[in-house]
Structures are given as C-alpha cells and as structure tokens.
Amino acid sequence: MAFLQGADVPLTAQFFEYAGGPGAVLTGVTVTVTKVGDSTPTLGPVSAGISNPANGLYAYTWTTTAATTPGDYLVVWNGVDGDLEAVQASETVTVTEASTGTWCSLADVEAITGHTVTTGQLFAASSVITLYANRSPDAVNGLLNRDLYWLKQACAWQARWQAQQPGFDQKSVVTSVSQDTTQVAYGTEWAISLAPLAARALKNLSWKGTRSLRIHSDHRVGVLDFTNEASDWRSVWHPLGGG
C-alpha cells in the first residue's frame with residue numbers, strides 16, 4: 001500500500017488461533033515501523049493507541065508528516081498468544097512524496113538552506129520560480145530529473161531570500177534616480193525579484209541554455225567561376241529575348 005507524506009496510515013494485523021480458526025486474543029501487542037535500510041525504527045515499538053476492534057484484529061494509525069522520508073517501511077506487530085508464545089506479523093507500506101504544488105517542500109528548504117520558512121512563504125516563492133522558469137509544477141512528469149533538481153534548488157533559495165525581502169513584489173524597475181547628488185540605478189527586473197542563488201540555479205535548466213543547429217548540405221560550398229564552362233551546369237540560364 002502507498003500513502004502520501006503527511007497522511008494518516010491505517011495499520012492492521014489479524015491473528016488466528018490456527019489457520020482458518022477464530023481470532024486469537026493477544027496480550028502485550030506492540031507495533032514498530034522502520035524504514036527499509038535503516039537500523040533505527042521510525043516509530044515504536046509502541047502499544048499506546050493500538051485498538052482491538054475484534055478478536056485477533058489489531059489496528060493502529062501512524063500519522064506521517066511532510067518531513068517523513070519517502071520510501072518503503074516495514075511494519076512489525078508483536079504480541080503473546082494464549083499459550084504464552086510470542087507471535088509476529090509484518091507488512092510493507094510505501095510513503096510517497098506529496099505533490100504540494102510547489103517546486104520543493106518545507107523539508108527541502110531547511111535541508112538546502114539551513115533555515116525554515118512558512119507554508120505561505122514557500123508557495124509565494126514557488127510562484128515566482130514558475131514565472132521565471134516558464135514551467136508549472138503540475139507538469140513535473142514531463143521534465144527531466146536534472147531539471148527538477150535545479151528547480152528544487154531555485155525554489156529553496158528563493159523561499160529563503162524572499163522571506164527576508166518585505167515589499168519585494170511592489171518594487172519597480174528603475175534605470176536611474178538622482179536626487180541631492182545621490183544616484184540609484186537598478187539592474188534587470190529579475191535582479192529585484194529573484195534571489196541570486198535561485199537565478200543561478202535557473203540558468204542550469206536544459207531549456208535555458210544556448211542551442212545551435214548544424215545544417216548539413218549535400219553540396220560543397222565554393223566560389224563559382226562563371227567564366228569557366230565547367231560551371232555552366234550550376235548556373236540558371238535563360239534565353240535572351242528579341243528577334
């Protein structure tokens with residue numbers, strides 16, 4: 001089963017006294033969730049919050065967050081049956097990255113820049129990146145992995161920078177201002193509304209680079225000597241008019 005980051009993941013386990021028999025009543029039931037490949041559990045073992053809707057059926061809700069690492073997780077249930085024997089059940093669930101409508105997540109901003117921003121600041125920054133990238137987060141399936149990487153970098157740095165630029169969206173592009181011997185000249189439009197590191201990351205996008213087209217010809221280009229009869233076949237001749 002697959003669940004998005006931030007979702008409540010319902011976990012259940014069914015135990016029987018024997019194959020095809022009635023549900024087994026257990027004691028000391030715990031659940032542990034560990035990301036595949038990790039040595040330390042992400043959750044548990046915990047017993048608080050486990051419910052017992054019916055004999056042999058145990059349930060627990062694992063609440064993930066936006067910071068939960070995407071990947072496969074091993075869920076292990078442990079308990080003791082009526083014969084005082086240890087029993088165990090397990091399953092694997094998958095956490096997938098949530099589509100937030102932004103080029104990066106709050107966790108990405110913190111991991112890349114070392115600082116945190118609010119959800120509103122992240123959405124505002126991502127909107128600016130969309131304007132300059134000329135691509136929408138809804139079109140991620142059609143983009144290269146390398147482009148998604150640079151868009152994530154750009155969004156993270158833009159969110160960090162933009163959060164410290166009050167009124168940046170109300171600034172105007174001014175070429176020159178002179179008053180009382182004080183002169184001010186703004187540069188380009190993007191220099192006012194785009195973070196320096198975000199601008200650098202956007203330059204790495206595949207569609208932002210220069211492109212060249214090589215034109216192949218079946219004929220060699222050379223200089224024609226129209227006084228040489230050998231060049232007649234490459235010239236267009238028209239009969240002269242008159243009587």
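This structure is a prediction, so every number in the text was calculated from the model and none was measured. Below, all heavy atoms of this structure are taken into account, side chains as well, without hydrogens, waters or symmetry copies.
With no hydrogens or angles considered, a side-chain donor-acceptor pair links Ser206 and Asp147 at under 3.5 Å. One side chain, Asp8 or Thr63, offers a donor N or O that lies under 3.5 Å from an acceptor on the other. For the residue pair Tyr60 / Thr12, no side-chain donor-acceptor distance below 3.5 Å is found, with atom types taken as modelled. No side-chain donor-acceptor contact under 3.5 Å links Trp77 and Thr32.
Ser105 and Leu122 make their closest contact through C-CD2, 3.8 Å (heavy atoms, listed as atom of the first residue, atom of the second, distance). Residues Ile129 and Gln158 come closest through the heavy atom pair CD1-CB, 3.8 Å. Between Val117 and Val109, the closest heavy-atom pair is CG2-CG1, 4.0 Å. The minimum heavy-atom distance between Ser126 and Thr102, with the atom names listed, is OG-CA, 3.2 Å. Thr130 and Ser136 get closest at one heavy-atom pair: CG2-CA, 4.2 Å. Closest non-hydrogen pair, Ala133 versus Trp207, comes out as O-NE1, 3.0 Å.
Taking 4.5 Å as the limit, some side-chain heavy atom of Leu194 sits within range of a side-chain heavy atom of Tyr132. A 4.5 Å side-chain heavy-atom check between Arg160 and His115 finds at least one atom pair inside the cut-off. Put simply, the side chain of Val76 does not reach to within 4.5 Å of the side chain of Thr30, judged on heavy atoms. Between Trp103 and Lys152, every side-chain heavy-atom pair lies at or beyond the 4.5 Å cut-off. Taking 4.5 Å as the limit, some side-chain heavy atom of Leu151 sits within range of a side-chain heavy atom of Leu143.
For the atom pair CG (Leu148) and SG (Cys104), the distance works out to 12.0 Å, reported to the nearest 0.5 Å. For the atom pair Leu57 CG and Leu26 CG, the distance stands at 11.0 Å (nearest 0.5 Å). Of the inter-residue distances, the one linking Leu84 atom CG with Thr27 atom OG1 reads 7.5 Å to the nearest 0.5 angstrom. Rounding to the nearest 0.5 Å gives a distance of 8.5 Å between CG of Asn55 and CD of Glu17.
Side chain of Gln121 to main chain of Thr118: a donor-acceptor pair is present (N/O by atom type, distance under 3.5 Å, no hydrogens or angles). Under the 3.5 Å distance criterion, the side-chain polar atoms of Arg146 are matched with a main-chain donor or acceptor of Asn204. A donor-acceptor pair is defined here as one N or O able to donate and one able to accept, closer than 3.5 Å; no such pair exists between the side chain of Asp83 and the backbone of Glu85.
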Exercise for review: Give the C-alpha distance, both sets of side-chain angles, the deciding distance and a yes or no for side-chain hydrogen bond (donor to acceptor under 3.5 Å, both in side chains) between Trp62 and Thr42.
Suggested key: CA-CA 10 Å; Trp62 173 33; Thr42 303; over 6 Å; no
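With Trp150 as the aromatic partner, Arg200 does not meet the cation-pi criteria of under 6.0 angstrom to the ring centre and within 45 degrees of the ring axis.
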